[in-house]
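Numbered from 1 within each chain, the chains take letters A, B, ... in sequence-line order.
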Amino acid sequence: MFAAIHSEPSPHLAGCAADFSPYVEETAPDTVVFSVSGLARLFRSARELADAIARRAAELGLANASVAIAPNPDLAVHGARGFRGVTIMEPGREAALPVDVLDPPPEIAMTLAMWGIRTFGEFAALPEAGVAERLGPLGAHLQKLARGAGERPLVPAKPDAAFEESVELEYPAMLLEPLAFLLARLLNSICARLESRGLATHELHLRLALDPRGEHERTLRLPYPMRDAKAFLKLMTLDLEAHPPGAPVAGVALAAEPVNPRVVQHGLFIPLAPEPQKLEITLARIAKIVGEGNAGAAELLDTHRPGAFRMGRFAPSSAARAASGARRAALALRMFRPALRAHVDAPDGRPARVAARGVKGKVVACAGPWRTSGDWWRAGAWSRDDWDIALSDGALYLVSRDRHTGAWHIEGSYD
Amino acid sequence: MKSSSALKAQIESAIGAHFAAQLTFRERPPAELAPTGVAELDALTGGLPRGAITDLYGPASSGRTSLLMSILAEASAREEVCAVVDSSDAFDPASAAAAGADLARVLWVRCGGRPDHALKTADLLIQGGGFGLVALDFGDVAPEITRRIPIASWFRYRRAVEDTPTVLLVVEREPTVKSCASLILEAKRADVAWSGAPGCSRLLRAMRLDVLPRKPVHAEAASFDARAVG
């Protein structure tokens with residue numbers, strides 16, 4: 001089912017429709033049509049729904065608003081344009097509408113006038129083949145509309161980017177607590193608007209006007225779209241604690257990027273995973289302790305440089321993995337970051353004795369050298385020989401010799 | 001002095017059979033076990049207990065990290081989300097990937113040699129919930145430092161992880177969790193397998209590892225190879 005509102009052009013027209021549905025088509029400056037499917041649980045009948053829409057239009061000050069409810073968008077628009085007040089477009093009701101409501105091109109309007117066709121009913125009664133022959137495809141389409149048989153889908157308007165709130169402060173805020181109070185108010189307002197439009201956000205922009213001059217900007221990027229004002233407030237206060245503005249705050253502006261919410265199919269057998277909102281807050285708290293960039297998911301880089309990785313954002317997905325089964329344990333390396341500078345005796349080129357901070361002993365077995373090099377075409381070139389060594393105390397290490405400088409390092413221990 | 005059973009019988013007769021169930025000791029159900037991915041160890045212990053602390057200790061090159069990587073690989077294969085709280089910044093993502101762990105499912109927290117940060121982080125992760133495994137890696141921290149962690153902290157962790165499906169695994173050099181751990185595993189160096197002749201074409205092939213359950217006590221150790229190649 002679809003509802004249409006026709007009134008004097010007003011900026012509140014789309015907002016009135018958006019109060020009832022997230023799918024609103026702004027057909028013309030004076031007309032909107034929107035889907036009301038699914039509202040049957042809230043309103044007992046189409047009449048009750050139409051009355052509620054008319055009341056809301058009156059509250060918003062829409063002058064001469066007429067409301068129609070119909071099975072398709074075109075019929076709803078025609079009903080709202082052709083009838084005053086509230087109309088339920090039951091079958092056959094459209095027959096009384098004047099053909100002018102179809103807004104035909106001047107030549108078709110003139111032809112219909114010459115034929116004495118004044119209403120939808122009269123136009124619909126004409127033979128289809130004759131209409132198509134004389135008025136062309138557009139005439140046939142208009143006749144179909146006159147029969148109330150429009151089939152086009154709704155073309156919802158893109159949500160406006162007005163998910164923004166701002167406030168100017170009479171006295172600059174110097175503490176986080178009063179600022180958090182203001183942020184809570186702004187976030188609640190934005191989240192309420194997002195929720196009324198069935199949207200969420202994955203990016204929040206905060207702009208703080210500083211006293212006496214300057215701005216402090218922060219952007220909060222989320223791995224999943226959310227609209228939980230409390231979670232946003234916690235994340236934002238943690239972010240501001242980590243990156244405080246350098247001066248008192250004289251104004252706050254907050255904007256959210258609207259996106260479709262995340263749709264997740266829950267199930268009994270879905271493996272354990274942290275709740276996205278909770279995880280984001282936990283990660284923000286951890287970042288506050290260990291520093292930004294020290295908590296995340298490691299990503300191996302496409303290079304032969306030993307130990308190359310970068311820290312990515314931790315957002316575990318539910319992508320299917322191979323089932324657990326028999327696998328063989330692999331020998332793991334514990335890295336020393338940074339690598340330990342070592343003094344190595346290598347009389348015949350092979351390590352024979354190693355001494356470094358916390359590591360000392362005679363080499364009882366070794367394998368190598370494993371030579372690697374790369375990036376010789378840029379500043380970060382490396383060229384080294386790696387050795388796997390076993391010391392007399394039983395410990396296994398990976399040592400390397402830089403071929404440019406001749407320096408030895410203990411890269412890590414096998415454990 | 002009356003024995004406790006006689007006292008219980010007297011109270012039950014006094015207040016009637018209606019409240020008998022309240023006076024009966026309810027045994028806790030056995031903990032669910034999460035496989036480690038090492039068949040020899042799973043055969044011995046059944047796996048790591050969920051909702052409890054497991055203490056894995058041993059000296060350097062005793063195979064603790066290889067076992068940790070295997071546990072991570074097994075947990076991520078079950079599509080669980082894991083966390084490694086790395087006190088000394090020693091975690092090697094390449095080793096984890098080679099063991100079969102899905103790095104996208106492993107949260108790595110680098111604490112830069114601050115055990116206090118590691119403890120706070122582990123606390124937050126357990127409180128946040130939803131992790132199948134939280135590994136607290138003190139593998140390179142001197143035992144003198146880990147011994148300073150108050151026992152009350154371990155009791156708190158044990159209480160926090162209780163009644164959750166999370167495995168809290170502590171990797172260290174010497175056992176410090178003691179009575180708060182439900183499972184204590186000692187890793188021992190066994191043997192190193194090299195191929196080729198000394199001085200010519202030698203290759204580190206594997207390390208033989210022995211893991212001995214200390215609590216509950218088992219007489220025999222789980223022995224397995226951690227392969228460096230092939």
Which bit of [X] is near chain A, if near means a heavy-atom gap under 4.5 Å: side chain, backbone, both or neither?
X: P35(B); answer: neither
X: A97(B); answer: side chain
X: F224(B); answer: side chain
X: D89(B); answer: both
X: W108(B); answer: both
X: S95(B); answer: side chain
X: V106(B); answer: backbone

Query raised in the report: Looking at V84(B), D140(B), T166(B), which makes the most heavy-atom pairs under 4.5 Å with chain A?
Result: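 Among V84(B), D140(B), T166(B), the one with the most close pairs to chain A is D140(B).
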Query raised in the report: Most heavy-atom pairs under 4.5 angstrom with chain A, which of L204(B), L107(B), V109(B)?
Result: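 Heavy-atom pair counts peak at L107(B).
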Query raised in the report: Is there any salt bridge (charged side-chain N to carboxylate O under 4.0 Å, His left out) pair reaching into residues 57-71 of chain B, and which pairs are they, with sequence neighbours excluded?
Result: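 Non-adjacent pairs meeting salt bridge (charged side-chain N to carboxylate O under 4.0 Å, His left out): D415(A)-R64(B).
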Can we say [X] and [Y] salt-bridge, meaning some charged N sits less than 4.0 Å from an Asp/Glu carboxylate O?
X: R114(B); Y: D116(B); value: yes
X: R50(B); Y: E80(B); value: yes
X: D375(A); Y: R305(A); value: yes
X: E172(B); Y: R147(B); value: no

Query raised in the report: Taking every heavy-atom pair that is under 4.5 Å apart, which of A367(A), A365(A), P274(A) has the most such pairs with chain B?
Result: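 Of the candidates given, the most pairs with chain B belong to P274(A).
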**Report entry** Distance-only donor-acceptor check, side chains S383(A) and R403(A), under 3.5 Å
**Finding:**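 Result is yes, a qualifying pair exists.
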Query raised in the report: Measuring heavy-atom distances to chain B, does L283(A) have an atom under 4.5 Å in its side chain, in its backbone, in both, or in neither?
Result: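 When you check distances to chain B, only side chain atoms of L283(A) fall under 4.5 Å.
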